[in-house]
Colleague: 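Dumping the structure here so I can ask a few things about it.
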Amino acid sequence: MIEVVASMARGPVFLAGELMECLITFTNPMSHLSTSASCEMLAWASAQIHCQFHASESRVALPAQGNKQDVQAESNTVLIPSRGERGQCVLDTPPKILFCDLRLDPGESKTYSYSEIVPIDGPPSFRGQAVKYVYKLTIGCQRVNSPIKLLRVPFRVLVLHGMPEPPFPQDEEVSPSNPFLEEEEASRRDARPLERALDMLMVTTSRRCPHMFNITNMRGKVAKFCIFKTVYRLGEDIIGTFNFSEGDIPCLQYSVSVQSEEEIQEHYQRRPGQVISVTGHGRHMESCLHTASSHFSLPIPLNVTPGFSTDIVMLRWRLHFEFVTAREPMEPPTVLQNQSEVTVWAGAEHVDVDTFSWDPAYQGFAHQPGLGILHVPLFRDQQH
């Protein structure tokens, strides 16, 4: 028996174009149950990266050659990294041989280093309702006169387009320069894709420009809404404010949700005019009757995928609003200046209300998918 352990020192999340490094250890364990231990002979071992694609048959119509659900080989001595996996392999790197003819004595172990550039031309890791893109590092190993065994290590890939070029002008400084940092070390730091991506994220998401919108329905103005920026990082909080003092009709309750839209491209839709899959990732609800102003804060989950587009699927992000308004004016409670007793205000038992929702339009929004960036669209003022 041979034990194989793979360890990624920097964690399981990588940027497309970044160097992946993995330590792979092969061990011949010495069992305390056996009286005599023997050495093990390994013919070879290799490793490679591949991306597995799987689509829901009820929502996605793939070409005939893409409907193969299980990849199998006629012989179990043929190396196929995606053997037994659902879907199809849409991207893979050339396999790298770790060793040939390795002998391990009882209790002996050998460690090999594997490094590979994560392909920049592939999709990001994504698990949607209709489409899935899953990245794995597959390690193949074969003992002498035995079938091939596979070890798969899943990891996550984030895609930032345009990374081979400088992400921002040279005269745009992100942080003050360090006089104690040598020029050669600084140049090496700037050349690292991960550091460049973090700098690009900091520059893009730190820009604030408040946008004001009037929320109205057919009866009149409900409130004024303000959002401070429209580009966010994963894990960041989306903050917005409402001003109800400028409204013509009273608002009893509102809710705001962070949602993602998974849309199958027209050529791959199972049915014409197929409904877009919407997934909620957080909701804020608050009662606001007789409230002059209010605000919400919605965190962006760290495990979601930023907006992207491929030939098959497009992922977008939006804020979804719901409002409950009264049809008739509602007088606020009044307290006399000289009144010494405590006054308790009881709400009305029956109120005629209207409900409406607001899904901001994507018109005028430039889609710029990026690492760790959640794009909330630049929506326009709308009448409801």
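Keep in mind that what you see is a predicted model, and the values were worked out from it rather than measured.
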Colleague: Nearest 0.5 Å, please: how far is CG in Leu158 from CG in Leu15?
Modeller: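 Atom-to-atom, Leu15:CG and Leu158:CG are 7.0 Å apart.
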
Colleague: Run the side chain to side chain donor-acceptor pair (under 3.5 Å) test against Thr279 and tell me which residues pass, sequence neighbours left out.
Modeller: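 Side chain to side chain donor-acceptor pair (under 3.5 Å) list for Thr279, sorted by chain: Gln129.
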
Colleague: Is Lys149 atom NZ crowded by more than 12 heavy atoms from other residues, nucleotides or ligands, each under 6.0 Å away?
Modeller: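 12 or below, so no.
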
Colleague: Check step by step if ring-ring contact (aromatic ring centres under 6.0 Å, His included) holds for Trp358 and His320.
Modeller: CA-CA 6 Å; Trp358 181 31; His320 174 76; over 10 Å; no

Colleague: With sequence neighbours excluded, what pairs up with Phe126 under the ring-ring contact (aromatic ring centres under 6.0 Å, His included) test?
Modeller: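 For Phe126, the residues satisfying ring-ring contact (aromatic ring centres under 6.0 Å, His included) (neighbours in sequence not counted) are Phe308.
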
Colleague: When Ile, Leu, Val, Met, Phe, Trp and Tyr are grouped by side-chain heavy atoms lying under 4.5 Å apart, directly or through other members, which residues fall in the same group as Met41?
Modeller: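 When side chains under 4.5 Å apart are linked, the cluster holding Met41 also contains Val144.
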
Colleague: Can you give me every donor-acceptor pair (side chain of residues 98-112, partner residue at least two apart or in another chain, under 3.5 Å) with its distance?
Modeller:
from   : atom 1 : to     : atom 2 : distance (Å)
Glu108 : OE1    : Asp105 : N      : 2.8
Thr111 : OG1    : Thr25  : OG1    : 3.0

Colleague: Distance only, no hydrogens: is a donor on one side chain within 3.5 Å (strictly under) of an acceptor on the other, for His284 and Ser297?
Modeller: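 Their side chains do not contain a donor-acceptor pair, so the 3.5 Å distance test is not met.
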
Colleague: Are any of the side-chain nitrogens in Glu262 or Arg59 under 4.0 Å away from the carboxylate oxygens of its partner?
Modeller: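 Salt bridge absent between Glu262 and Arg59.
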
Colleague: Side chains of Glu286 and Ser294: do they bring a donor and an acceptor to under 3.5 Å?
Modeller: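 Distance-only check passes for Glu286 and Ser294.
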
Colleague: For His50 and Thr138, does a side-chain donor sit closer than 3.5 Å to a side-chain acceptor?
Modeller: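 Note: His50 and Thr138 side chains meet the donor-acceptor criterion.
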
Colleague: Quick one: list whatever passes salt bridge (charged side-chain N to carboxylate O under 4.0 Å, His left out) with Lys221, sequence neighbours left out.
Modeller: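 Scan of Lys221 (salt bridge (charged side-chain N to carboxylate O under 4.0 Å, His left out), adjacent residues dropped) gives Glu246.
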
Colleague: List for me each residue that meets ring-ring contact (aromatic ring centres under 6.0 Å, His included) alongside His290, sequence neighbours excluded, and say none if there are none.
Modeller: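 For His290, the residues satisfying ring-ring contact (aromatic ring centres under 6.0 Å, His included) (neighbours in sequence not counted) are Trp345.
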
Colleague: With ring-ring contact (aromatic ring centres under 6.0 Å, His included) as the criterion, how do Phe321 and Phe225 come out once you've worked through the C-alpha distance, each side chain's angles and the decisive distance to 0.1 Å?
Modeller: CA-CA 11 Å; Phe321 298 82; Phe225 171 66; 5.0 Å; yes

Colleague: Run through Phe323, Phe244, Phe242 and flag the one making a side-chain contact (heavy atoms from CB on, under 4.5 Å) with Cys288.
Modeller: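 Testing each of Phe323, Phe244, Phe242 against Cys288, the sole residue satisfying side-chain contact (heavy atoms from CB on, under 4.5 Å) is Phe244.
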
